[in-house]
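Some notes on the structure that comes next.
Start at 1 with the first residue, then count along the sequence.
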Amino acid sequence: MILVTCGTQEPFDRLLAIIDKIAPQINDKLIVQCKRGDYDPQNFRIVESLPSQSHDDLLDRSSFVIAHAGMGTIIKCIENGKPLIVFPRQAILGEHRTDHQIATARQLERTGFVKVAWTDQELENLIKTEFANHNTPDKIILDFSELTDYVKDFIGI
């Protein structure tokens, strides 16, 4: 099972359209949690929100996760050694108010903790690679305090 999660605050039609396009090529169940926007997918159903425990259970059971650059999902994936492809929202495309997701993705990409797709084609390629390989890494960080300190420093708290 592949979990696609975009949060509950903003729709992310561009991500949904890419997932919809390649869904017929993926012989696995897709769970897509995202606020509904204008895009109407043909190859999966959207679940707009999930209770926290249900979201965590789906994340645990998934072979990998595709997500916007939301810190909650990123941290949970890193904590659990779950392969993650991050596809940040872009303010210039009206997907968010600022480009903080791009800044977050750039910083995390440098650490090697996640894979980041910057274009639609990169996302398609990464999904196909992850699906073909079903990479399940060991837990990436045994002492999570290092990443927590890094994130706190990055966001200035």
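Taking CE of Met1 as the start and NZ of Lys29 as the end, the distance is 7.0 Å to the nearest 0.5 Å. Atoms CZ and CH2, from Arg106 and Trp118 in turn, are 5.5 Å apart once rounded to the nearest 0.5 Å. A distance of 11.5 Å separates CD in Glu122 from OG1 in Thr129, rounded to the nearest 0.5 Å. To the nearest 0.5 Å, atom CZ of residue Phe87 and atom CG of residue Leu15 are 6.5 Å apart. To the nearest 0.5 Å, atoms CG (Leu84) and CZ (Phe64) are separated by 10.5 Å. Considering CD1 of Ile75 and CG of Asn80, their distance stands at 11.5 Å, rounded to 0.5 Å.
Side-chain contact between Pro88 and Val116 is present, with heavy atoms from C-beta onward closer than 4.5 Å. Using a 4.5 Å heavy-atom threshold, the side chains of Cys34 and Leu16 count as touching. In this structure, Ile102 and Arg89 have side chains that are not in contact, with every pair of non-hydrogen atoms separated by 4.5 Å or more. Ile66 places a side-chain heavy atom less than 4.5 Å from the side chain of Ile127. The closest side-chain heavy-atom distance from Lys115 to Val86 is not below 4.5 Å. Looking at Ile85 and Leu123, their side chains come closer than 4.5 Å, going by heavy atoms from C-beta outward. The closest side-chain heavy-atom distance from His100 to Ile155 is not below 4.5 Å. With a 4.5 Å cut-off on side-chain heavy atoms, Leu30 and Asp28 do not count as touching.
Evaluation of the salt bridge (charged side-chain N to carboxylate O under 4.0 Å, His left out) test over residues 8-21, restricted to residues two or more places apart or in two chains, returns Glu10-Arg97, Arg14-Glu95, Arg14-Asp120, Lys21-Glu124.
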Kindly indicate, with the supporting measurements, whether the criterion ring-ring contact (aromatic ring centres under 6.0 Å, His included) is fulfilled by Tyr39 and Phe12.
-> CA-CA 9 Å; Tyr39 186 79; Phe12 198 0; over 10 Å; no

May I have the step-by-step check of side-chain contact (heavy atoms from CB on, under 4.5 Å) for Ile2 and Ser63, ending in yes or no?
-> CA-CA 6 Å; Ile2 300 166; Ser63 54; 4.0 Å; yes

Please step through side-chain contact (heavy atoms from CB on, under 4.5 Å) for the pair Arg45 and Val32, ending with a clear verdict.
-> CA-CA 7 Å; Arg45 265 186 336 112; Val32 181; over 6 Å; no

Test side-chain contact (heavy atoms from CB on, under 4.5 Å) on Ile31 and Val4 and set out the steps.
-> CA-CA 6 Å; Ile31 305 290; Val4 179; over 6 Å; no

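Gln90 is linked by a side chain to side chain donor-acceptor pair (under 3.5 Å) to nothing, counting only residues two or more places apart in sequence or in another chain.
Within the 3.5 Å criterion, the main-chain N or O of Ser49 finds no donor-acceptor partner in the side chain of Gln33. With hydrogens and angles ignored, the 3.5 Å screen pairs no side-chain donor or acceptor of Thr73 with any backbone N or O of Gly70. Gln42 contributes a side-chain N or O that, together with a main-chain N or O of Asp40, makes up a donor-acceptor pair within less than 3.5 Å. In this structure, the side chain of Lys82 does not engage the main chain of Lys76 through any donor-acceptor pair within 3.5 Å.
Nearest heavy atom pair, residue Pro11 against residue Arg36, reads CG-O, 3.8 Å. Across all their heavy atoms, Lys35 and Thr8 have their closest contact at CD-O, 3.5 Å.
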